[in-house]
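Here is the structure we will look at.
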2 protein chains.
Amino acid sequence: MDGRRSPTLEDVAARAGVSRATASRVVNGDPRVRESAREAVTAAIAELGYRPNRAARSLVVREPDSVAVLVHEPDERIFADPFFGGLLRGVGQRLAPTGLQMVLVMGDPVRDGARMERYLRGGHTDGVIVVSAHRGDGLVAALTETRLPTVFVGRPLTGADTFVYVDVDNCEGGRLAARRLVERGCHRIGTVTGPLDMAAGIDRHQGWSEELAAAGLPTDLVEVGDFTAEGGARAVRALLERAPDLDGLFVASDLMAAAAMSELVAAGRRVPEDVALVGFDASAAAGMTRPPLTTVTNPVSEMAVRATELLLRLMRREEAASEVLPTRLVPGGTA
Amino acid sequence: MDGRRSPTLEDVAARAGVSRATASRVVNGDPRVRESAREAVTAAIAELGYRPNRAARSLVVREPDSVAVLVHEPDERIFADPFFGGLLRGVGQRLAPTGLQMVLVMGDPVRDGARMERYLRGGHTDGVIVVSAHRGDGLVAALTETRLPTVFVGRPLTGADTFVYVDVDNCEGGRLAARRLVERGCHRIGTVTGPLDMAAGIDRHQGWSEELAAAGLPTDLVEVGDFTAEGGARAVRALLERAPDLDGLFVASDLMAAAAMSELVAAGRRVPEDVALVGFDASAAAGMTRPPLTTVTNPVSEMAVRATELLLRLMRREEAASEVLPTRLVPGGTA
DNA sequence: CTGTTAGCGCGTTCAC
DNA sequence: GTGAACGCGCTAACAG
């Protein structure tokens, strides 16, 4: 015991005058140990400042101990969106009672792809939850090779049939938004989409498109956004330029929708009198505008909980099927 | 090698017809190994799907491998705030080149305190970054006992002299906000504070208070908020009831300030004509209101980067001193 | 109840 | 260049 080295169970046992096995029992709460011995060991632990070595332990007990949450972060501003907060909350909540650790692996797939892949292949983790994967993401292929239990939050564009995922019914959400605008009597309806290399972007647009087509309305007023406020504002400006008579607008996220609303007002349009507006996410941002946004629910935390549940099943080698959660319209003051 | 069990280095060696030592050298990129042997081992690794066992490895090499980010989550809605996103981004960014893992430990200190403490004492981690600790937090004491390298983001109320921390100059921020309102000619100035069991809440209020006192104005118009939109709205209602002649308001976070603005408008006040408003954080929420909020910067990601830097120093047993980052006023349309 | 013993998977001398 | 042997800290049988 040379002072530098952090104390081991052996040191504790020696100090308490018992064997290493007994000390181990005390540490692990095994009841079959005499009270006096327990006290001696407890005291020794305190005096020595002993901390069990997790590596040594897991080497022998061989239990899964961590789940990686893989977040692709192509845009610095993505964190302005409360999406990730809700997601992490959901995962953390479901993981808490299991004792599994949540390891956050973030990075730009291009810049940090190598590091992230190395991590995944390194066997540091027992399961993976992938968030907001984009099309053509090399990491997805790497993930397949590792054969690690994996669940996606948000339908992956490549391999939706081979991977398990949890998603909200984005298509239906787009339809609900469009229907609201149609029923309100709008006939020049535009949309600001999310990125079109993500299912959330594609599906919300598709639902909107289907519903308008069904109502016999044109579906050409489309601008691509990127789920950031700046992107939303830019898209709205483009839309107004293309169609000054715009009277209805579906924006694929509340963050963009709030920015869009500011932009509309700045352009002299009243919301909802001149332009009716529907967002997506039912996030805090929806309540912060005046009037509050009409929006579509996106149960992020719930998705995260479900995804984690499915992952735990996969880790136990049980069956797990993808899930699509329902969504609904939340009436606000903008449509 | 019974198929169930995941393959070990031993298996790889056997399959490649070499000793375990040689296999190990290949895995770790040791140059002194014949090309033919290297190829055989590489092939065996691929065929067997071998993944090194991290526990066994770290048992031998004894290098730090993870940093815990401890987030107290007393309120479910706390994640609506982009604060945590920015924070995690900063930590992740600084940690990326080091290869250290970021382990997210979240929970309500009351409900999950035992689990969180067990985790910290469990020696699973090599350093800790504590976020938004509240006063009387039992975890802080537990942390002291573990003697784990620890850095706080946000000055801890207990033990600011014993712990290393990084914070923004909240006091100065409060002063800047108050000064803006005073210079604008407001004379009935109120504030909605953050929680008063956190330094951010206390210090921003104190700065506001000092500046008003210096200007000879009363400092009694104070309502305590909780950094949530609902809390902000509630506080403003209370303030308006107490002082219908309110003409200036400092709200200690943009999220609350945006809600406050809605509430002011709903109460028939024009912002800034009737009531001038200053927020805090310079977050995305500030740009979403109309007009955009005048606010005070809160360099969250930068704080996180600095905190991680200091933690890395502590982990190398180097000196590290607390840092307080400057802040400044961002003019908007509300004050 | 307690101590003894045998590995867990891997990196690392130290011989060859 | 390569292999045999040791030990990292701990838990789990098995004796006592």
Side-chain angles (χ1 to χ4, degrees), chain A residues 1-42 44-45 48-66 99 121-126, chain B residues 1-42 44-45 48-65 99 118 121-126:
Chain A
M1 238 214 90
D2 73 69
R4 285 326 268 152
R5 188 167 62 43
S6 74
T8 76
L9 198 53
E10 187 78 54
D11 301 324
V12 171
R15 174 130 190 169
V18 299
S19 80
R20 210 176 57 222
T22 300
S24 171
R25 290 186 187 107
V26 172
V27 170
N28 295 302
D30 189 316
R32 352 173 275 222
V33 48
R34 211 191 327 154
E35 192 52 35
S36 65
R38 179 180 309 283
E39 283 167 12
V41 172
T42 310
I45 288 176
L48 262 36
Y50 165 76
R51 290 188 298 135
N53 180 318
R54 178 177 182 75
R57 175 192 212 118
S58 74
L59 186 54
V60 40
V61 288
R62 204 181 313 287
E63 275 176 341
D65 72 353
S66 75
R121 312 187 83 101
H124 307 292
T125 195
D126 307 288
Chain B
M1 236 212 92
D2 73 72
R4 290 317 276 153
R5 187 165 66 38
S6 73
T8 76
L9 196 55
E10 186 78 54
D11 302 324
V12 172
R15 175 134 191 167
V18 300
S19 81
R20 212 181 59 220
T22 300
S24 169
R25 290 187 186 106
V26 172
V27 170
N28 296 302
D30 188 316
R32 349 174 282 226
V33 47
R34 210 189 328 154
E35 192 53 36
S36 65
R38 180 182 307 282
E39 282 166 12
V41 172
T42 310
I45 288 176
L48 264 34
Y50 166 77
R51 292 188 295 135
N53 180 318
R54 164 164 258 258
R57 177 190 212 117
S58 74
L59 189 55
V60 174
V61 292
R62 205 177 303 292
E63 274 178 342
D65 71 355
R118 196 175 338 116
R121 311 190 83 101
H124 307 211
T125 195
D126 307 288

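The figures that follow rest on heavy atoms only: side chains count, while hydrogens, waters and symmetry mates do not. Just so it is clear, the model here is predicted, and its values are computed rather than measured.
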Handout entry: DNA chain D-proximal residues of residues 12-19 of chain A, any heavy atom under 4.0 Å
Key = none
Problem - Rounded distance (nearest 0.5 Å) linking atom CZ of A:R57 with atom CG of A:L9 - result: 10.0 Å
Handout entry: Integer-rounded Å distance: D:dG1 C1' and B:D30 CG
Key = 10 Å
Exercise for the section: Could you tell me, to 10°, how much the axis swings from one end of the helix from C:dC1-D:dG16 to C:dC16-D:dG1 to the other, five pairs per end? Expected result: 30°
Problem - side chain to side chain donor-acceptor pair (under 3.5 Å) against B:R38, all qualifying residues, sequence neighbours excluded - result: none
Handout entry: Over all atoms of both residues, closest heavy-atom pair of B:A13 and B:A23
Key = CB-CB, 4.1 Å
Practice task
Using whole Å, report how far CG of B:L48 lies from P of C:dG9.
Solution key: 14 Å
Handout entry: Per-nucleotide protein contact string for nucleotides 10-16 of chain D (B base, S sugar-phosphate only, - none; heavy atom under 4.0 Å)
Key = BBBB---
Handout entry: For B:E10, all residues meeting side chain to side chain contact (heavy atoms under 4.5 Å, CB included), sequence neighbours excluded
Key = B:T8, B:R20
Exercise for the section: Check side chain to side chain contact (heavy atoms under 4.5 Å, CB included) between A:R25 and all other residues, then give those that pass, not counting sequence neighbours. Expected result: A:A21, A:T22, A:D30, A:R32
Completion exercise
Minimal heavy-atom distance between A:V12 and A:A44, with the atoms involved, is O-CB, 3.8 Å
